[in-house]
Amino acid sequence: MYEFDYHRPGTLDAAVKLAGEADAKILAGGHTLIPTLKQRLAAPKHLVDLHALRELQGVHLKDGHLVIGAMTTHAHVADSALVKAHLPGLAQLAAGIGDPHVRHRGTIGGSVANNDPAADYPSAVLALNATITTNKRSITADDFFKGMFETALAEGEIITHISFPTGIKSGYAKFPNPASRYALVGVFVAQHGADARVAVTGAGANGVFRASTLEAALKGNFSAAALDGKSVSADGINSDMHADAAYRAHLIGVMAKRAVAAAH
Amino acid sequence: MPMIHMTVNGKAVKGHAEPRTLLVEFIRDTLRLTGTHVGCDTSQCGACVVHVDGHAIKSCTTLAVACEGAHVTTIEGLAHGTDLHPMQEAFREHHGLQCGYCTPGMIMSAVDMVNRKGHDLSEHTIREELEGNICRCTGYHNIVKAVAAGAKAMQGMAKAAE
């Protein structure tokens, strides 16, 4: 690791100020950033640790929405009675990220801000049409994810919480890479009235995306059978040493079916 | 260099460390508690697992400076004198190790597992929960047996590992 200065601000205002400094990086759970620093792939001058900001932690229900603080760990989301009751698919997704130790440190805000193309959370945020709130503004999921490791966040902008609509039937299924446990393909499905949103992670060459052909098939008939014979084009699907595009495209259909079958 | 303060295995400790010092480096190099191992150094193998404020974490992927004021338990904090912790005893009894390199992390993960999931752990639960701990010797079979037996043996302890 290159040297840096470490800061642990006690207020969001102080954190925003520090994060606005040149060459500052925000530290949430650190489970992407610290490995990145260890490999010397990044050399920030300042590291701004958000762990002291209690207001960024925890889950609560507000106006029919599950509001999850950006610094809430995966373990907390997975175990939260509120999440289990209102969006069980989201709790299940969180319970399957990495391993128990990673879930004790990794945070929802860190995952969403990083937008790793194989991370689990972006698929839930996109399929559930969640709203990402920062120190400056609120951004809908459709406007938030801009491509691999890219989001609508400006430099130094800090996610404070993510708000998920409830009363939605939803489910998640992933095919993890057997070595890394990251999603080779992960599909989050959500029923919004007669419509459906299907978000795919792990597979897109440009990060998380909505599978429109599957959404059309599920419109008015949110059942696994509605996906029979439906496929996703391999265009724009990632090919690498772990799986080629055709295989991943096929898995999207399989995982979508499993996610719908598991949805509640 | 900042001075870092923690409570490690019930004892107040302090030491200088650069901001880029990892928790595992602070534990091993500064505190000289070398039971916590570095295996992969890439957050995968779990040889470096310790408890921070009651939760099992990978100390190779945590900055020491971020643990200022924290309560840390390492493998050295489990036994009482020459009396092994029930989970350590179970690993010995069931031959849950060969070379022993992964064992401290395995045991710290197992104790955390019991703290969260209770004393009656199915084989399936144990195997799922050991996702983040890699052993290259045993094939896991005896580790799983040891964790199940250790979990039962921990019943009756006031609060596991604390």
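Order of the sequence lines sets the chain letters (A, B, ...), proteins ahead of strands, with each chain counted from 1. Treat the numbers as computed from the prediction; the structure is a model and nothing was measured. Any value given below was found using the heavy atoms of this structure, including those in side chains, with hydrogens, waters and symmetry copies removed.
Neither the backbone nor the side chain of A:L37 comes within contact range of chain B, judged by heavy atoms closer than 4.5 Å. Using a 4.5 Å cut-off between heavy atoms, B:L22 touches chain A through its side chain atoms alone. For chain B, no part of A:A75 is nearby; none of its heavy atoms comes within less than 4.5 Å. The contact between B:E129 and chain A is made by backbone and side chain atoms together, counting heavy-atom distances below 4.5 Å. When heavy atoms are compared at a cutoff of 4.5 Å, A:L33 does not approach chain B at all.
Other residues, nucleotides and ligands contribute only 12 or fewer heavy atoms inside 6.0 Å of the NZ atom of A:K25. Counted within 6.0 Å of CZ on B:R28, heavy atoms from surrounding residues, nucleotides or ligands total more than 12; the atom is thus considered enclosed. Within 6.0 Å of NE2 in B:H141 there are 12 or fewer heavy atoms belonging to other residues, nucleotides or ligands. In this structure, B:H94 places its NE2 atom where more than 12 heavy-atom neighbours from other residues, nucleotides or ligands lie under 6.0 Å away.
Among A:Q39, A:H51, A:R105, A:R103, the residue with the largest count of heavy-atom pairs under 4.5 Å with chain B is A:R105. Most heavy-atom pairs under 4.5 Å with chain B, from the set A:G98, A:S180, A:P100: that is A:P100. With chain A as the partner, the residue from B:N133, B:L63, B:T42 showing the most heavy-atom pairs under 4.5 Å is B:L63. Of the residues considered (B:S43, B:P2, B:C60, B:G46), B:C60 shows the highest number of contacts with chain A, using heavy-atom pairs under 4.5 Å. Counting heavy-atom pairs under 4.5 Å between each of B:V65, B:D112, B:V49 and chain A puts B:V65 at the top.
Under 3.5 Å, the side chains of A:T72 and A:Q57 contain no donor-acceptor pair of N or O atoms.
Salt-bridge check for A:D79 with B:R116: failed, with every basic side-chain N at 4.0 Å or more from each acidic carboxylate O.
Ring centroids of A:H74 and A:Y121 are separated by less than 6.0 Å, placing the two rings close together.
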